[in-house]
Structure formats: C-alpha cells, structure tokens
Number of protein chains: 2
Amino acid sequence: MEPIPSEETGLGPEAMEAPDGEVLGKMIREARKEKGLTLEEAAKAAAIGRSTLSKIENNQTRPSFEIIRRLMQTLELETPQLFVQSSQSGVTGRRDFTRTGEGEHKETSTYDHELLCSELTSKRMVPYISTIKARDVTEFDNWVRHQGEEFMFVLSGELILYTEHYRPLRMGAGDSVYYDSGMGHGCVSVSKEDAKVLWVSLEG
Amino acid sequence: MEPIPSEETGLGPEAMEAPDGEVLGKMIREARKEKGLTLEEAAKAAAIGRSTLSKIENNQTRPSFEIIRRLMQTLELETPQLFVQSSQSGVTGRRDFTRTGEGEHKETSTYDHELLCSELTSKRMVPYISTIKARDVTEFDNWVRHQGEEFMFVLSGELILYTEHYRPLRMGAGDSVYYDSGMGHGCVSVSKEDAKVLWVSLEG
DNA sequence: GGAAAAAGTTTCCTATAGGAGACGCAACGT
DNA sequence: ACGTTGCGTCTCCTATAGGAAACTTTTTCC
C-alpha cells in the first residue's frame, strides 16, 4: 500500500539534496527531545503544524526559512550560527564520530588510510589513521606534498619521519610532530610491526 | 483559549537575532552587491534561479531554508576563504615536534592539558593531550564553547562526551569524534583510571 | 490483557515556492 | 535616432510546503 507519489520531477534540479539537509531533521528532533517536548507542544510553541514538524524531522520536506527560524527559536538552537557563521565553520552545529577501526578505508601501495568521521563532509580538518607497513620502503623518490599544515601523532610502532629541509626524525608511540605539509614529507616504519599514526591535515 | 498565542513556551522574549522576514531580502541584496555580483552570477553560484533570487531580495517570497543556506554560503564564504587561507598558513617551511610527555603542561581543575608542538606558535591547528581525571563529576555547570571545529581521539580510558544538541556519546580507546566547537561540549571520564584524549582544535 | 489516551505518521488539499523565459529599462556604441 | 547588451522584474506554471484531520503506533493505567 505505498502510493508513493514521488514521481520524477521533470522539472527540478531541485532533486538535489544537501548533506546538511540530511542532518537537519535529525538535529531538530534531538533538540526537541532534549527539551522533552512532544511534536504537538513544540509545534504549537513554534506556531507551526504538528504534521509539518513531523515531516521536517523525517526529512520529508524542504522547510521554509521562516519555519526553521521559528523552530530554532523555540528549541533554542542559535539561529544565527546556523547561517552566518557557517561561513567560518563548515560543520556548524554538527558532530560525527567513528568507532575504533570503523573508519572508511582507503588503501594505497605504501599506506593503509582509515578516514575518521568522514560522514561530516564539510569539515576543515581531515583526521585519519594510517598504518605504515613494516619493512617497506627505505627511501622515497616521491615526497608527499600538499598545501597546508599537518599534525601527526604516533599511536604505535616506530618510524622515521622525513621532512624536506630537516633531519629525519625518529619517532615512537606518543611522539608528535607538526609541519608545513607544503614541504615534502613521508615516513617509514622501522619497527618490526606496522606503525600506526594519527594524522590531522588542514588544507590551504 | 485562542486569542493570543503568547504562552509560556519557555521561549523567552523577542530575542530575535535571526534576520527577520522584512530584513532578509535587504541583507542578501547588500551582501550580493558587496561582492559585486549580478543576480545572474549569484543565482548561478548558489544554484538557484535568477528570478527566485530577485523575489527573495524584494521580499516577495518566503524562501526555503535550503535556498537561504545556499545563498549564505555563496555570499559569505565563497571564494574568499580559499584565498585567505592560503595566505594564512603561518608555518611555511617549518616543523616542530614533541616527545611523549614532554609537552607544555597546563593544568586546570578538571583537566590536565599537555600542549604539543607548542614552539611552533603560528600554526593554525592546536594539538594537545588532555588527561580527564576519573571522578564523580556527572554534571556540567559550564559547557565549553569556542568558535571553530574540534577533533578528539581517545587514547585510553573511557569517557562520555557531551555535545549540545546531541546525545551523550560514550567513547573508548581508539574512538574519535569531530564537532563544531561552537556547540557547548565537555566530557567526563567514566573509567576507573583517568582518560587520555588527543584533541586538535581549529579556530574560526 | 485491554481500553483509553498520547505521540507520531500519513493523507488530502490549497496556497505558494521556485524556475524558465518574457518583459522593461538603462547604458552603452555606431 | 536605433540596435545591442546586460541587469533586474514580472508572468506563468508545476511541484510541493504546510495545515487539518484521519489514521497508526506507542504508552499508560486499570
């Protein structure tokens, strides 16, 4: 019994959905629950319809700015933040987490990268865990190089970080380093086991 | 009981900070002019229709949240960020490292912070390790809140991260989270030992 | 367990958001 | 004067937002 009137909109490039849209309903529902309000109470307080609120929370509609504004006020989400400041922080009002080992894997020849919190697409920093295979390359022909800054923290194993213009740096668990990733860089595991490092990269 | 819907919604007074319907169009027009964009250019950049933008600017419509979000993004952050950021990187050609436990310590009542790579002063990300004391603190009085984004990685112990608008998140070693640090946040150790977390914070 | 109430969802319908393109109207250059 | 070009507005139309109410699910209280 699913009439499902969702026919192809021969019209719209409107079919587009922003990742933010996805989260919006969730945010609102959580905020409402947080305040212990029912749909009816919240809707009334925001002067909107009960059904409208339900649809918004389930992402079944594309609410108007005005409606969202009222909801934000009612639920005490800071409205200005959501817009104006989204220019500064691309993750305004959002959060994402990743359980151990459950990141999105991306393997290359020398590394095994596990992207963390990758569902939060608009974030400015990019955190990932890399497994650097033991007994691998001992020299680079190709430095890695990308405009920005990078922070690295050694989780386990032992490795040598090569950074252009600097002496190689031998690092063990718990050590950390911060560098201009525009300089050529790369590392090599020198322990018997693979080395694990946490990287946080910032573009620009 | 219908006359005036001024009930005690806990909504507070007219602390309306969000652009009101009347002003919204004007704001947007000004922002667009500021950037020297024509209707067509701005609309295209925001992936909306030229006429739609015109109507919005003249307050002849009640635009959807999604449309406004796109406009805000286009008009506020668009290209500038890309340029600004590249000239912002203050660590050009530099590197700094910190050995385990040798960071600069900064203790507060609830946390014990160890700043990493703190000699590199002009870096944009701020990495530090915090020891969250195992204790009975089950309640916050004060959320931490600062404009920007934050990444957290649990090194050891078990804790609960509280983030405004979200459910508390129980985390163990190896788990990570990324969030808008403009939202109130804070955490509490729930293991018997102190919990250790690595934080990387980005302002703005 | 079962009835009643409460919370949430879906349906139905009207008003309108939003896009395409026509139109208006300056400011040019020839 | 007359095109021409570029920018903003207006008209027209379809898809859909949003409210009322019907419906379904969950919770509460005998």
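These numbers were taken from a predicted model, which means no experiment stands behind them. Below, chains carry the letters A, B, ... as their sequence lines are ordered, and counting in each starts from 1.
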note: A:Ile68, atom CD1; D:dA17, atom P; distance rounded to Å ~ 12 Å
Give a yes/no answer on whether the side chain of B:Thr61 brings an N or O atom under 4.0 Å of OP1 or OP2 in C:dT16.
no
Less than 4.5 Å apart, side chain to side chain, heavy atoms only: is that true for A:Leu169 and A:Thr163?
no
Given atom CG of B:Leu53 and atom P of C:dA20, what is their separation to the nearest angstrom?
14 Å
Any salt bridge linking A:Glu57 with A:Arg32? Criterion: basic side-chain nitrogen under 4.0 Å from a carboxylate oxygen.
yes
Would you check if there is a donor-acceptor pair between the side chains of A:Glu114 and A:Tyr128 at a distance under 3.5 Å?
no
Between P on D:dT16 and CD1 on A:Ile67, what's the gap in Å once rounded to a whole number?
18 Å
Send over the distance from B:Lys44 NZ to D:dG8 C1', rounded to a whole Å.
18 Å
Is it the case that the side chains of B:Thr100 and A:Asp175 hold a donor-acceptor pair, with the cut-off being a distance below 3.5 Å and no angle test?
yes
Is a side-chain donor-acceptor pair under 3.5 Å present for B:Glu149 with B:Tyr178?
yes
Round to the nearest Å and state the distance from A:Ile56 atom CD1 to C:dT9 atom P.
13 Å
For the residue pair B:Ser130 / B:His113, report whether a side-chain donor-acceptor contact shorter than 3.5 Å exists.
yes
Produce the list of close N/O pairs, under 3.5 Å, pairing protein atoms with atoms of nucleotides 9-13 of chain D; give distances to one decimal.
residue	atom	partner	partner atom	Å
D:dT9	OP1	B:Asn58	ND2	3.4
D:dT9	OP2	B:Arg29	NH2	2.9
D:dT9	OP2	B:Ser54	OG	2.9
D:dT9	OP2	B:Asn58	ND2	3.3
D:dC10	OP2	B:Gln60	NE2	3.4

Angle of first-five versus last-five pair axes in the helix from C:dG1-D:dC30 to C:dT30-D:dA1, to 10 degrees
20°
Identified side chain to side chain contact (heavy atoms under 4.5 Å, CB included) counterpart of B:Val200 within the set A:Val200, A:Leu198, A:Leu202
A:Val200
Within the distance-only criterion (no hydrogens, no angle test), does the side chain of B:Ser191 pair as donor or acceptor with the backbone N or O of B:Glu158 below 3.5 angstrom?
yes
Separation of C:dT16 atom C1' from A:Arg62 atom CZ, nearest Å, is 13 Å
